[in-house]
Amino acid sequence: MDPAPPGGLGPVGRAELLGRLDRVLLGRGRALLTGPPGIGKTEVAHAAAARAEARGEAVVWLAPQPADRHLTGAAAAALIASVPGHALDGLPGPQRQAVAVLCREATAPEGAPLDPMALRLALAGVLRALAERAPVLLVVDDTQRVDAESADLLRFALHLAPDTLRVLAVETPAPQREDTTAPLPLWVAAEADVLLVGPLQADELAELLVRHGLPARLAGRIHRTSGGNPRLALAVGRSLADAPGPVHHAEALPLSGRARDAARRMLAPASPEVRATLLLAALALRPTAALLRRAGRPAAEAELAAAERAGLVALAEDGTVAFTAGLLPSTLVRDTCWTERSAGHAALARIADDPVEEVRHRALAADAPDEELAAEVAGAADRARGRGQGALAAELALLAAESTPAALPGRRIGRLVEAAEEAARAARADLALRAAAELLARDAAPADRVRARLAVLDTAGQGLTDLDEMYVHAMEDSEDEPGLRAAVLLRLAVKYVLADADPVRSRSAAVESAVLAASVGDRHTAAQALTHQARMDRILGSPGAEDTLAQARALEMTDRPLGVRNAAQLLTIRHALFDDRLGAARDQSYALLPLVERRGSTEDAIDLLRTLVEVEARGGQCAAALAHAGRCLALTLEAGLSPGPAWYALAVAETAGGSFARAAGYARRSVRASEEEGDQVFLSRALYALGRVQLLTGEVAAALETLRRVRDDTWVRSTVDPAMLRWQEELAEALLAADAPDEARALLADVGPVAERLGRATVLLGYDRVYALCLAAGGRPDEAAELLVETAERFAGHGLALEQGRCLVALARVERRRRRRSAAASALQAAAAVFERAGAAPWLGLTADRPAPADGPTALEPACGGALAALTDAELRLARLVGAGASNQEAAARLYVSVKTVEARLTRIYQKLDVRSRAQLASALNGPAARAR
């Protein structure tokens, strides 16, 4: 693990651990950090040392090297060499002599052995002298490398050390082997708190990858491979960076070079016996200690315990074995010869009590294709599918194809097609690619080639930008097959909208797909194509969108699809969400969820959960939104799909009921992942989520920049229906807060008629809220207050709690401008009650009646207090900057405006406050009325 991340930032995901560590060190004064290799213990220790130095403590760092374990007194000598000279000044002669001998600065008198007590007392005296001047933190890294004599000396010295000497030890446990001995403790176990440094979560891993310039869009896949181990994760990420081409697929990461070497270093301390048991566990589907013992490892429990101490596996109470990182079992299997693997599978087949597992192991142990065995494996794949074990079914389907003799080429190709399609249903891109690659290398019929390529396309997730050649070949091979051409066109329609941000072309492809599918009686593909056409019609503001969607639903009812992908039912729910018919959207979502979980693909479930997040967040059911968002992310990471959509869902949920700071973090991650995937749709959504949070938290300049980027996005510019992504009202409010009321009014005037034509009632309510703020800024506060009261009531009637509360906060702002403090307080209390009922924790902060921060109020916080009430938010921000001593140029840079704008705005401020200089402005800002804010 790198000792520190770039830019001097603290360790990722360790804030809570560092807080606990601080409390232990300041309390008991002794702490032990432990965890497997590469987990980041040393980085945490560095961060703790930095915190100690910030508190005024001196830090002494002792880091023994591997060879020191076998050098008598090496660690103690290194510690003496690390302390300042004054710590040795007060030592009596015999002790100084003992120290000099220890450090090889002198030799013991001939015939006079080194006095061990003098050396013990000397080290204790050194540590005591260190801690007399100021508190000291002694960090002992890699304590397992401390030699026996040094460990004995340190135990004695630490026992006599004062309370102002705090000690942090860092230890990496290792499996016990006959040729090694256990690390010697520096203290009695009861004297120290042991803190385990655990793996990073997927979100934390994404941040780590970003800091190191690695692809965040693969965070979920890297997390699965590394188990959250930072060293392994960075090695995997750098392997990706070294790969010759783009990587899109979950299981097909190029794990060679440094990634494999990192895994091998983790496995190196394991004895041959432990490795043999771990190999058997890697080959098994559901390894347990009892299974491994029955398969020929009589000491399995002891060997697994040793592996657990080394951080290689985790053992459950029932004996289930789970590797701590996916890279470990794959490396074990990769580094083992076929003979050993075959013997392991044969042993597992003999004791398997499940027929599916028994057939799988027999097939993997076989050394030649066999049709009878291949047929058994194909049957096992069917049974696995019936059990809902999609990934296992896909693996077995491919194994059946590979077990088919070359003398039966037609049957082998047929099974390869089935394997590719099974892999697509299970979202196993690696298996789909393997099956397709073998099929395309053979003399397969065009229809079979198309089906294989479609399977690969269906597992690409959001990353469709580098698959153009795949689409071209699929179109060529489907030229004489209308049904297959319809399927290819349907995938192209998705690609045109996700990767190319071209809804017009996407609609055209969907229309052609629907016609072709209908011509051959393929109701399933026709329904999907009509559903996609309806989606594009809605985006383009076509009045026929609902009719097209109704046709798609009718086809689904008469010919129910095998899966749920791109189902009209899902789009019907999305349309209800866009129209704020939240009750219908919620009821239909929960009714469809069991079907999706049972029969749909993983992406279906993720799409429906993300929709539920938006429905519940919009309706003020914040706890439910957060729960669905967490589940959405978990499914995404498990499937190895792009995390961009799931991070967007988390941004939405956190904005509603979690934390604005976390929401902004998730939105930024979604932006980055969507950019890496070339996903224009979720890029615009993530930017919108980010800009909204920035506006709510008062980062007006940043919000303006982000929301303008949304406005200028190709996808957004192609979207006619304003209900699809409600960025216009947020941008208009940001413009108003940035003292650009004319531009804000012009934006509302442009989109208002479109919303009216399409009947988007709640979109117009959002515009009314911002228009009320425009009225207040234009000197018409009475009309503004009246409009806000009416708008809040209408939002409440639609069940939009957060929007209702937001109007009430805006009303308080206007009432303050009217100097009606009691009315403003009542509005804030009403808003707080709305937010509290909804569980909208971050929004409650917007109702706090407190002074604005020094760098400017939030976009929802009013200017008030004497003459300051006459200033707009933008003017008040500028006044504070100038009053604090900023020049016009500095203020312009801070506010992202021109110097001329600053000069014009200052002129208006001077006039409103009746001041003539910066000094008078500062006095006005610091007067009693201003302080009352």
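Because the structure is a prediction, the values reported are computed rather than measured.
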Stepwise salt bridge (charged side-chain N to carboxylate O under 4.0 Å, His left out) test for E207 and R211 | CA-CA 6 Å; E207 185 178 347; R211 287 191 183 186; 3.2 Å; yes
Passes side chain to side chain contact (heavy atoms under 4.5 Å, CB included), L315 versus E308? Steps please.
-> CA-CA 7 Å; L315 299 177; E308 186 177 41; 3.7 Å; yes
Taken to the nearest 0.5 Å, the spacing of L205 CG from Q201 CD works out to 10.0 Å
Under the 3.5 angstrom rule, does the side chain of T324 hit a backbone N or O of L312 as a donor-acceptor pair?
-> yes
Here the gap from R145 atom CZ to H70 atom NE2, rounded to the nearest 0.5 Å, amounts to 11.0 Å
Looking just at side-chain N and O atoms, do S330 and R260 make a donor-acceptor pair shorter than 3.5 Å?
-> yes
Can you measure from NZ (K41) to CG (L195) and round to the nearest 0.5 angstrom?
-> 13.0 Å
From CG (L17) to CG (L196), nearest 0.5 Å | 8.5 Å
For M266 and L328, run side chain to side chain contact (heavy atoms under 4.5 Å, CB included): C-alpha distance rounded to whole Å, both residues' side-chain angles, the deciding distance at 0.1 Å, then the answer.
-> CA-CA 8 Å; M266 289 184 66; L328 297 175; 4.2 Å; yes
Apply the test salt bridge (charged side-chain N to carboxylate O under 4.0 Å, His left out) to residues E358 and R362: give CA-CA distance (whole Å), side-chain angles for both, the deciding distance (0.1 Å), then the verdict.
-> CA-CA 6 Å; E358 189 270 338; R362 265 199 298 120; 2.6 Å; yes
Evaluate the criterion side-chain hydrogen bond (donor to acceptor under 3.5 Å, both in side chains) for residue pair R341 and T336; output intermediate values, then yes/no.
-> CA-CA 7 Å; R341 295 199 307 270; T336 304; over 6 Å; no
Give the C-alpha distance, both sets of side-chain angles, the deciding distance and a yes or no for side-chain hydrogen bond (donor to acceptor under 3.5 Å, both in side chains) between S226 and N229.
-> CA-CA 5 Å; S226 67; N229 182 294; over 6 Å; no
Say you draw a straight line from CZ of R385 to CG of L392; how long is it, rounded to the nearest 0.5 Å?
-> 11.0 Å
Taking it one step at a time, do E204 and R14 satisfy salt bridge (charged side-chain N to carboxylate O under 4.0 Å, His left out)?
-> CA-CA 9 Å; E204 297 163 344; R14 305 302 190 193; 5.7 Å; no
In Å and rounded to the nearest 0.5 Å, what is the CZ to CD distance from R297 to E273?
-> 7.0 Å
Which word best sums up how the rings of W61 and H46 line up, parallel for under 30°, tilted for 30 to 60°, or perpendicular for over 60°?
-> parallel
For the pair R383 and Q389, evaluate side chain to side chain contact (heavy atoms under 4.5 Å, CB included) and give the outcome as yes or no after the intermediate values.
-> CA-CA 9 Å; R383 287 195 293 275; Q389 297 172 304; over 6 Å; no
Sidechain-backbone polar pair: R610 side chain, A649 backbone, donor-acceptor under 3.5 Å = no
Quick one: do D354 and R360 satisfy salt bridge (charged side-chain N to carboxylate O under 4.0 Å, His left out)? Show the steps, please.
-> CA-CA 10 Å; D354 178 75; R360 172 182 177 269; over 6 Å; no
